[in-house]
Number of protein chains: 2
Amino acid sequence: MTRNASNQHGGRRPGAGRKPGSGPYGEPTRPVRVPVSLVPTVRSWLTNVGRHRAQSFTRSPTVLPLPLYGSRIAAGFPSPADDHQEDSLDLNAHLVKHPAATFFVRVEGDSMTGAGIHHGDLLVVDRALEPKPGDIVVAVVDGELTVKRLEARDGRLWLMPENPDYPPLEIREGTEFLIWGVVAHAVRSF
Amino acid sequence: MTRNASNQHGGRRPGAGRKPGSGPYGEPTRPVRVPVSLVPTVRSWLTNVGRHRAQSFTRSPTVLPLPLYGSRIAAGFPSPADDHQEDSLDLNAHLVKHPAATFFVRVEGDSMTGAGIHHGDLLVVDRALEPKPGDIVVAVVDGELTVKRLEARDGRLWLMPENPDYPPLEIREGTEFLIWGVVAHAVRSF
DNA sequence: TTTTTGATTAATGTATCAGAAATCAAAAGC
DNA sequence: GCTTTTGATTTCTGATACATTAATCAAAAA
């Protein structure tokens, strides 16, 4: 006992003690093994979501954020300006090989649904690609723009639909036919 | 030494020993305190980050406006001065509404072909969008990453495939469920 | 050539611990 | 009487320790 007669502060308080649920999360915690590189992400999420318990459906958290830089880091933390990692993607760089020769076309109709091209899709068309049989091309036939698969049979060219409701289109002697480019990608929006 | 003369297996192997990075995450782990109720969520997330690599949107997106052409062209090859050019479009700006909250996932399987999402497609997933019934979402269910359409029926959540070969997935009382984000676009490459 | 096997090393889950944080209420100060 | 102080009490968290599991090695055995 270090208390003297002139100092009687403190002392037993039956029932004193920190109450359960008084921590930042309102409940106890358990240690979970987290890969070193993801520790900051998990901590940050726990700080922002775990405490506020923002939820959109039932009691489950909506989203656990993916790391902006999730690559395996040998040592240290990534620099915020460090973007040269396989985990980041630029759509232009990824989808446009020849910028000067690329354009977009919106799909109308459903003649190519078998190829996963649907009405309303946005096509990325590359004029720099050499059209060859099997390619899906954007072409003008008798003044009409169309999207079909290019085929070569018996020395003739055909534009093949990928939907049985549409007939194959033969490119004949007097047909006005022009290929605009090769379809590289189709973008579907929801 | 418990070995006898008729059993000489094993023994010293200089250089033997488990190699660094041989665990499921490819790197060491550290214990992080997680609220008890969030432990399953964090675990499932860690499991899937390690198994299904996702790519984040670049932090320094390029700007590349390219021509978007209309569907009706009378004749001739499109040129920059062509009257029929409707607009120009930059893929990054057009497809990514919330750069910091966007990531990409490659589709595996064909449970959503009815929605035009096919095996191998690249999904643009937006974490900033509030998931609501009818949205196509990327979700984790009992530790498995999946892409499905979110539905709400009778006070319950369902993850609906868009291919009759697959069963609907009901989110029940004990189901570990969390939504990673809402699918904004699907990119098909040829 | 393939499989076996003790030795070797990394990784993981759990236990433990020290210090921090929150709570209590009588004593002290005003 | 009201507010502040203060030692005791209890919970909580981050870090470390530890036991077990997992992965790797290569000579010996099959």
Side-chain angles (χ1 to χ4, degrees), chain A residues 1-55 59-61 64-67 69-78 85-87, chain B residues 1-54 140-145 174-178:
Chain A
M1 281 285 200
T2 60
R3 298 155 62 190
N4 53 43
S6 65
N7 185 2
Q8 298 292 321
H9 274 211
R12 269 181 66 75
R13 304 286 184 254
R18 184 171 177 162
K19 294 299 167 266
S22 63
Y25 307 107
E27 63 181 314
T29 57
R30 283 175 40 198
V32 172
R33 286 277 181 177
V34 176
V36 169
S37 67
L38 297 180
V39 167
T41 300
V42 171
R43 284 201 195 282
S44 167
W45 178 72
L46 289 173
T47 299
N48 295 323
V49 176
R51 293 185 182 178
H52 300 142
R53 296 301 176 92
Q55 304 176 0
R59 62 180 181 282
S60 303
L64 188 66
L66 283 172
Y69 298 90
S71 60
R72 305 292 151 74
I73 310 297
F77 290 93
Q85 300 182 355
E86 62 182 44
D87 274 13
Chain B
M1 282 283 202
T2 59
R3 299 153 62 191
N4 53 43
S6 64
N7 185 3
Q8 297 293 325
H9 274 210
R12 271 183 62 78
R13 304 286 185 259
R18 186 171 176 163
K19 294 300 168 267
S22 62
Y25 305 107
E27 64 180 295
T29 57
R30 285 173 38 200
V32 172
R33 285 274 180 182
V34 176
V36 170
S37 67
L38 296 180
V39 167
T41 301
V42 172
R43 282 199 195 282
S44 71
W45 181 74
L46 290 173
T47 299
N48 286 281
V49 166
R51 197 187 307 169
H52 302 276
R53 296 294 301 275
V140 177
V141 183
D142 290 328
E144 290 294 323
L145 194 67
T175 308
E176 280 178 34
F177 170 64
L178 66 96

Checklist outcome for this item: Sorted by position of nearest nucleotide on DNA chain C, 5' first, the leading residue of A/Arg33 and B/Arg33 is A/Arg33
Checklist outcome for this item: Nearest-nucleotide check on DNA chain C, A/Pro31 vs B/Arg18; residue mapping nearer the 5' end is B/Arg18
Checklist outcome for this item: Judged by nearest nucleotide, the residue sitting upstream toward the 5' end of DNA chain D, A/Gly17 or A/Pro28, is A/Gly17
Integer-rounded Å distance: [N] [atom2] and [X] [atom1]:
X: B/Arg30; N: C/dA11; atom1: CZ; atom2: P; value: 14 Å
X: A/Leu46; N: D/dT13; atom1: CG; atom2: C1'; value: 13 Å
X: A/His9; N: D/dT4; atom1: NE2; atom2: P; value: 13 Å
X: A/Glu27; N: D/dT13; atom1: CD; atom2: C1'; value: 14 Å
X: A/Leu38; N: C/dT12; atom1: CG; atom2: C1'; value: 16 Å

Can you tell me which nucleotide in [options] comes closest to the side chain of [X]?
X: A/Arg13; options: C/dA26, C/dT5, D/dT13; value: C/dA26
X: B/Arg43; options: C/dT14, C/dA25, C/dT12; value: C/dT14
X: A/Ala16; options: D/dA8, C/dT12, D/dC25; value: D/dA8

Next on the checklist: Below the 4.0 Å mark, does D/dC12 have OP1 or OP2 next to a side-chain nitrogen or oxygen of A/Thr29?
Outcome noted: no
Item to check | Any residue meeting side-chain contact (heavy atoms from CB on, under 4.5 Å) with A/Arg13, in chain and number order, not counting sequence neighbours | outcome: A/Ala16
Next on the checklist: Tell me the closest heavy-atom pair linking A/Leu46 and B/Val34, and the distance in Å.
Outcome noted: CD1-CG2, 4.0 Å
Next on the checklist: Over all strands shown, is A/Arg12 touching base, sugar-phosphate only, or nothing at heavy-atom distances under 4.0 angstrom?
Outcome noted: sugar-phosphate
Checklist entry - A/Arg18: what forms a side-chain hydrogen bond (donor to acceptor under 3.5 Å, both in side chains) with it, not counting sequence neighbours? => result A/Ser22
Item to check | Close side-chain approach of A/Arg12 and A/Pro14, heavy atoms under 4.5 Å | outcome: yes
